[in-house]
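I have placed the structure first, in the form of structure tokens, so that the comments after it can refer back to it.
Here the structure is a predicted model, which is why all the values come from computation and not from measurement.
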Amino acid sequence: MEKKFRKIGILSSGGDAPGMSAAIKSVTCSAISRGVEVVGILGGYSGLINNRLRPLTKNDVSGIISLGGTYLYSDRCDEFKTEEGMAKAIETCKKNNIDGIIAIGGDGTFRGATDLSVRGIPCIGLPGTIDNDITATDTTIGFDTAMNTVLDLCDRLRDTSESHARCTVVEVMGRNAGYIAIETGIALNAIGVALQEVPFDKEALFKRMIEMREQGRRSFIVIVAEGLGTAFAEALTKEIEEKTGIESRFNRPAHIVRGGIPTLRDRVLASVMGDKAVDLLLQGQSDVVICSRNNQIVATDIKYALIVDRMYKNKLKPGDLDAFTPEQIEEMKALCEERKAYFVDMCDIANTIGC
Ligand code: F6P
């Protein structure tokens with residue numbers, strides 16, 4: 001018999017991302033419109049373990065679509081990875097009659113959602129992270145806003161760089177992925193973009209800079225992805241100065257890029273994905289993450305999403321692919337190739353047109 005949902009929980013977990021609040025608003029309003037109560041779980045999975053809940057009405061969330069950060073707060077919760085923590089979380093669900101959960105976050109959040117799903121609490125994931133590092137979806141909630149924030153900051157840095165005829169090397173967030181770096185690098189006309197996905201040719205960068213300086217170019221922006229390690233961008237700044245003679249400064253906006261009001265794209269993505277998550281949860285789906293693929297909003301099995309991520313990072317463990325059909329494995333490989341080709345092509349464009 002189909003499960004009747006009376007109350008669902010919503011939480012955000014992992015690094016916050018602009019648009020998470022818009023997703024919370026969407027889930028809340030979508031569920032209430034379908035006759036289902038909603039309870040907000042405060043502070044991610046640790047809120048579930050510690051029974052920190054807040055009932056949500058449409059009125060509570062009507063003004064949060066433009067809120068930065070996350071209205072329900074967030075956490076990276078190690079206790080949830082233990083059997084004891086998991087048992088407490090399930091107890092909270094039972095005690096409060098929570099029939100299912102929608103969890104917004106990145107891969108760690110989805111691992112938690114899958115753990116709950118297999119223990120009888122239906123869960124659906126929403127991809128919320130500025131890094132865009134979830135291979136199964138083309139875009140994550142928060143990515144667009146973070147990139148626009150980088151643009152705004154770097155346009156300011158360019159003003160001062162231009163006044164002083166300097167190069168500014170900017171390290172942008174993206175722990176495991178260079179999406180923010182490559183897209184903002186192109187949008188900023190950076191003279192160089194360095195990221196972990198594609199080998200970086202320092203000598204070619206120095207040569208381009210010297211040529212442009214000879215033609216009268218005063219200022220330069222170089223974008224570096226955080227994934228290259230903390231020392232990389234600072235060392236590159238020094239080397240640029242030494243090898244080109246161009247005065248250089250290093251800048252790391254770090255968490256500033258995670259804040260701020262979500263862009264239109266992130267608000268729409270969060271709203272559409274949130275509604276889809278509720279629709280599928282109430283239809284009886286579980287253990288899936290909502291993804292955007294080729295402009296379609298689709299549900300992807302969470303295990304598939306996690307394994308394709310591992311495949312992409314060349315971190316597959318023995319047995320990881322056992323549960324998948326040969327067709328699914330081929331599809332995963334094609335997706336990984338698509339992502340890798342994207343970085344190669346985009347870096348090629350950035351290096352060709354950056355000046
Ligand atoms: O959420 C992703 C992210 O912002 C990464 O880009 C960054 O490396 C990391 O989180 C920072 O984590 P924390 O907020 O725990 O310092």
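Between Glu330 and Lys333 a salt bridge is recorded (basic side-chain N to carboxylate O distance below 4.0 Å). Ion pairing of Glu83 with Lys88 is absent here, as no side-chain N (NZ or NE/NH1/NH2) approaches a carboxylate O to less than 4.0 Å. Here Arg339 pairs with Asp138 in a salt bridge; the nearest charged N to carboxylate O distance falls below 4.0 Å. A salt bridge is absent between Arg252 and Glu226; no separation between the charged side-chain nitrogens and carboxylate oxygens falls under 4.0 Å. A salt bridge links Arg34 and Asp279; the closest N-O separation between the charged side-chain nitrogens and carboxylate oxygens is under 4.0 Å. Taking 4.0 Å as the cut-off between side-chain N and carboxylate O, Glu211 and Lys207 count as a salt-bridged pair. Between Asp131 and Arg175 there is no salt bridge, since no side-chain nitrogen of the basic residue lies less than 4.0 Å from a carboxylate oxygen of the acidic one.
Residues Arg156 and Thr160 bring no donor and acceptor atom of their side chains to less than 3.5 Å of each other. Between the side chains of Lys58 and Ser33, at least one donor N or O lies within less than 3.5 Å of an accepting N or O. A donor atom on one side chain and an acceptor atom on the other are not found under 3.5 Å apart for Thr137 and Ser292. In this model, no donor atom of one side chain and acceptor atom of the other lie less than 3.5 Å apart for Ser161 and Ser219. For the residue pair Ser13 / Thr109, a side-chain donor-acceptor distance below 3.5 Å is found, with atom types taken as modelled. There is no side-chain donor-acceptor pair under 3.5 Å between Asp16 and Thr70. With 3.5 Å as the limit, one finds no donor-acceptor pair spanning the side chains of Thr168 and Asn251. Between the side chains of Arg208 and Asn351, at least one donor N or O sits under 3.5 Å from an acceptor N or O. Side chains of Thr57 and Asp60: a donor-acceptor N/O pair is present below 3.5 angstrom, by distance only. A donor atom on one side chain and an acceptor atom on the other are not found under 3.5 Å apart for Ser26 and Asp275.
Contact check for Val224 versus Val172: no side-chain heavy atoms found under the 4.5 Å cut-off. In this structure, the side chains of Lys317 and Asp320 come closer than 4.5 Å at one or more pairs of heavy atoms. At a threshold of 4.5 Å between non-hydrogen side-chain atoms, the residues Val289 and Ile134 do not count as touching. In this structure, Thr263 and Asp266 have side chains that are in contact, with non-hydrogen atoms separated by less than 4.5 Å. Contact annotation: the side chain of Phe200 approaches that of Leu205 to within less than 4.5 Å [non-hydrogen atoms, C-beta and beyond]. Residues Asn189 and Cys355 meet the side-chain proximity criterion, which asks for heavy atoms closer than 4.5 Å. Counting only heavy atoms from C-beta outward, the side chains of Met346 and Glu183 approach each other to under 4.5 Å.
The side-chain tip of Arg54 points at the ring of Tyr71 from less than 6.0 angstrom away and within 45° of straight on.
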Tyr304/Glu331 under side-chain hydrogen bond (donor to acceptor under 3.5 Å, both in side chains): CA gap, chis, key distance, verdict = CA-CA 11 Å; Tyr304 181 105; Glu331 193 185 86; 2.6 Å; yes
